[in-house]
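Below is one structure; the comments refer to it alone.
As the structure is a computational prediction, the values presented were derived from the model and not from experiment. The basis for the numbers below is simple: all heavy atoms, side chains too, and nothing from hydrogens, waters or symmetry mates.
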There are 2 protein chains.
Amino acid sequence: MVRTQRASQDIPDIVVSRLPLYLQALTSLQEQGMAVIKSHELAAVVQATPAQIRKDFSYFGKFGKQGMGYSVERLLSEIRLILGLDRTWNLAIVGLGRVGRALVSYRGFLHQGFHIVAAFDQSPKVIGKKVGRLVVQDMAYLQEALKTQGVDIGVVAVPVAEAQKVVNQLVQCGIKGILNYAPTTPQVPPGVQLRTVDPVPSLQSMTFYLKEASTAKVRAKRRSRPKGRAFP
Amino acid sequence: MVRTQRASQDIPDIVVSRLPLYLQALTSLQEQGMAVIKSHELAAVVQATPAQIRKDFSYFGKFGKQGMGYSVERLLSEIRLILGLDRTWNLAIVGLGRVGRALVSYRGFLHQGFHIVAAFDQSPKVIGKKVGRLVVQDMAYLQEALKTQGVDIGVVAVPVAEAQKVVNQLVQCGIKGILNYAPTTPQVPPGVQLRTVDPVPSLQSMTFYLKEASTAKVRAKRRSRPKGRAFP
DNA sequence: GCTTGTGAAGACCTTCACAGCA
DNA sequence: TGCTGTGAAGGTCTTCACAAGC
């Protein structure tokens, strides 16, 4: 087997986590009509350094031309391919309380190729009801339905107290990717990808700095900002 | 002035970003009746190493007892103090589309001391209407209302195309903390804290690994998991 | 000229390993 | 004995700086 790309084991997780941000910025730049971009330009938009941009891309190949920069279209298609976004991914939502229902109607998923194809809850009050285009199914049919519908990723939108149980059930069903909206850190076995989405920790780390700024004189933070960034 | 704590400049951002997770875990453990905890126990819950837990705490003081561990209550109150959570913080939401309305009714904020006290939109269709307990105000009154209501943090829930403009307006009004729900990376001047909440980049970095797992044999990832973690 | 791609250097963070103390 | 707190070591990521090439 010919290996044209570096093995994923050699690529730092942090590099992978930046690729979606490049994708986001490049998509927007392409819509604005930009066809070619230089590392320092992309760096300004995503608030990184030109060296970091070039180094990150270099893990996957040589996408640029010396003296010229990168083709935006080429970069977009390379990054999509690297991330596995050259296909759609099917999601199932577990838990249709406030958060779950909001997620079903959230358009951000669909536009990026993430299709919500199933919804589950344990409450008889919700089972059988429609939420958006979906009929809420009983958790008892989880395994069967996940297989039938070809679900790749489970979205956990249940209360904290039930999050671990639901995560275990999804793992049991063979799900390898979980997006968790419960404000907790569930345990998952090796090989299962878990991402927790919770605005509260973000706010709580923010207040650390806001507090400092209001009690002490605001001083330049160490490494507070990459060089060369521009704020209009 | 006596300085009992290390200057915030000397504390790595990454350490600050972990404190909310410790808080989350400790709160849950306290509810379960745990009064004392050892670094390796907390490490198991948050999926870190005992050394990291101890090192992180050591930036702020000596909270433990040799041979004993840490008092959960003491830790909770120290971390809350460090993060500035010994008070409530006032939020204002800008943009009352689907996301904004979902956020107004989200209870996770209130329970953690983040009070949504104002809501703004630019659309005449929404201005004056009630969303939850709040009457949606015109963006024209932004500066005045933010001052009057003592708003600390702005929550941006507008479409991508307007996000930078709204961020600029908030910054102009003297807001130092912004929680951004638009799928973009707005520019902010130094001294303004920005956190972007977007599930899509999380999903997109997840698919990188899911793709690998399905196309290649799943191999143990380098540094995939801290030592000593336990999965039940 | 200008910009990429990349080894090497440097900065930063994590982990080790043990002194110190309950 | 057991566990914390912490310098020191080790490892990873970022940045530098320049050769290569358009």
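Take A/S39 and apply the side-chain contact (heavy atoms from CB on, under 4.5 Å) test, not counting sequence neighbours, and it matches A/P50, A/I53, A/R54, A/Y70. With sequence neighbours excluded, the residues satisfying side-chain contact (heavy atoms from CB on, under 4.5 Å) with A/A92 are A/A118, A/F120, A/L146, A/V151. Remark: B/S205 pairs with A/R195 by the side-chain hydrogen bond (donor to acceptor under 3.5 Å, both in side chains) rule, at least two apart or across chains. Partners of A/D56 according to the salt bridge (charged side-chain N to carboxylate O under 4.0 Å, His left out) rule, which considers only residues two or more places apart in sequence or in another chain, are A/R18.
In this structure, B/D10 places its CG atom 11 Å from P of C/dC13, rounding to the nearest Å. Protein atom CD1 of A/I37 is 13 Å distant from nucleotide atom C1' of C/dT3, rounded to whole Å. Atoms CZ (B/F57) and P (C/dT15) sit 15 Å apart, rounded to a whole Å. Atom CD of A/E41 is separated from atom P of C/dC2 by 14 Å (rounded to the nearest Å). Here the P atom of nucleotide D/dC3 and the CG atom of B/L75 are 16 Å apart, to the nearest Å. The CD atom of A/Q52 sits 14 Å away from the P atom of C/dC12 (whole-angstrom rounding). One atom, CG of B/D13, and another, P of D/dT14, lie 13 Å apart when rounded to the nearest Å.
Listed by first and then second residue, the ring pair (Phe, Tyr, Trp, His ring centres under 6.0 Å) pairs involving residues 175-203 of chain A amount to none (not counting sequence neighbours).
Distances shown here put every side-chain N or O of A/T49 at or beyond 4.0 Å from the OP1 or OP2 atom of D/dT14. Considering only side-chain N and O atoms, B/R54 lies nowhere under 4.0 angstrom from the phosphate OP1 or OP2 of D/dG2.
For a distance-only test at 3.5 Å, the side chain of A/K55 qualifies as a donor-acceptor partner of the base of C/dG7.
For the residue pair B/N168 and B/Q164, a side-chain donor N or O sits within less than 3.5 Å of a side-chain acceptor on the partner. Checking A/Y59 against A/D10 by side-chain atom types alone, no donor-acceptor pair falls below 3.5 Å.
Nearer to the 5' terminus of DNA chain D, by closest-nucleotide assignment, is the contact made by B/H40 (compared with the other of B/H40 and B/A51).
Nearest nucleotide to the A/Y70 side chain, out of D/dG5, C/dT4, C/dC13: C/dT4. Of all nucleotides listed (D/dC13, D/dT4, C/dT14), D/dC13 comes nearest to the side chain of A/I14.
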Extract from the structure each pairing of a protein N or O with an N or O of nucleotides 19-22 of chain C at less than 3.5 Å, listing the distance.
{"residue": "C/dA22", "atom": "O4'", "partner": "B/Q66", "partner atom": "O", "Å": "3.4"}

